[in-house]
Amino acid sequence: MEKYGKAFASLAGAVLVALYAALGGDNHIDPEEWVQIGIAAATAAGVYLVPIAPEYRWGKTAVAVVLAVLQALATTVLGGLDSGEWIVLVLAGLTAAGVAFAPAVSDNGIGSKTPVTAD
């Protein structure tokens, strides 16, 4: 968990969005929900693929926040907001928060919680 915490947080968010789309409401995934699932999957993939660099330790969090905003915009523009869409927006926000607070260590050995030292 210490190495892949941010990736697990974003994957959990994507799974919850997909489950909600499949099981919530009418038990049918409509085009708007496919877009929501796609953005959630892109969030999980982006958070996993972005390495942690010493000067950009916030990179994984930035990916999650940008895609959470995109999730909000796509949801609002595509179908308007009803009670079901609010749940997806809350899940997107919680995913970004989970990524922000979860630990991670990239293959380069840089961790999200590793203190920066001056050389």
Side-chain angles (χ1 to χ4, degrees):
M1 185 66 170
E2 193 67 27
K3 183 169 181 164
Y4 297 109
K6 292 182 183 299
F8 287 139
S10 61
L11 181 61
V15 168
L16 289 173
V17 168
L19 284 174
Y20 180 73
L23 303 175
D26 59 358
N27 293 321
H28 171 73
I29 301 176
D30 61 26
E32 178 184 352
E33 291 167 331
W34 279 116
V35 171
Q36 293 169 341
I37 292 169
I39 293 170
T43 301
V47 168
Y48 175 75
L49 292 173
V50 169
I52 299 174
E55 61 275 5
Y56 304 115
R57 294 178 191 270
W58 45 264
K60 290 179 181 283
T61 301
V63 168
V65 169
V66 166
L67 287 165
V69 170
L70 182 60
Q71 184 78 279
L73 290 172
T75 299
T76 303
V77 170
L78 289 175
L81 290 175
D82 63 20
S83 61
E85 274 81 24
W86 281 107
I87 293 171
V88 172
L89 298 183
V90 168
L91 289 173
L94 290 174
T95 299
V99 170
F101 291 108
V105 177
S106 287
D107 288 339
N108 61 10
I110 304 298
S112 59
K113 307 292 184 195
T114 308
V116 177
T117 58
D119 290 329

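Hydrogens, waters and symmetry mates are skipped; everything else that's a heavy atom, side chains included, is used.
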Give every donor-acceptor pair under 3.5 Å between a side-chain atom in residues 91-105 and any protein atom, sequence neighbours left out.
| unit_1 | atom_1 | unit_2 | atom_2 | d |
| --- | --- | --- | --- | --- |
| T95 | OG1 | L91 | O | 2.8 |

Check whether S106 reaches the backbone of P51 with its side chain - one donor and one acceptor, N or O, closer than 3.5 Å. no
Report the residues that fulfil side chain to side chain donor-acceptor pair (under 3.5 Å) with T75, sequence neighbours left out, ordered by chain and then residue number. Q36
Listing request: all ring pair (Phe, Tyr, Trp, His ring centres under 6.0 Å) pairs with a residue in residues 33-55, at least two apart in sequence or in separate chains. none
Report all side-chain donor-acceptor pairs from residues 12-31 shorter than 3.5 Å, counting only partners two or more places apart or in another chain.
| unit_1 | atom_1 | unit_2 | atom_2 | d |
| --- | --- | --- | --- | --- |
| D26 | OD1 | H28 | N | 3.1 |
| D30 | OD1 | E32 | N | 3.3 |
| D30 | OD1 | E33 | N | 2.9 |

According to the ring pair (Phe, Tyr, Trp, His ring centres under 6.0 Å) rule, which pairs have a member within residues 55-80, sequence neighbours left out? Y56-W58
If you look at every heavy atom in A7 and S10, which pair is closest and at what distance? O-OG, 2.9 Å
Roughly how far, to the nearest 0.5 Å, is the CG atom of L11 from the NZ atom of K6? 15.0 Å
I'd like to know if the side chain of K60 reaches the main chain of V50, judged simply by a donor and an acceptor atom lying under 3.5 Å from each other, with no hydrogens or angles considered. yes
For A53 against I110, the heavy-atom pair lying closest together: C-CG2, 4.2 Å
Do V65 and V47 sit in the same hydrophobic cluster, where Ile, Leu, Val, Met, Phe, Trp and Tyr count as joined when their side-chain heavy atoms come under 4.5 Å apart? no
Can a donor-acceptor pair be found, under 3.5 Å and without considering hydrogens, that links the side chain of R57 to the backbone of G111? yes
Which side-chain N or O atoms in residues 38-45 pair as donor and acceptor under 3.5 Å with protein atoms at least two apart or in another chain?
| unit_1 | atom_1 | unit_2 | atom_2 | d |
| --- | --- | --- | --- | --- |
| T43 | OG1 | I39 | O | 2.9 |

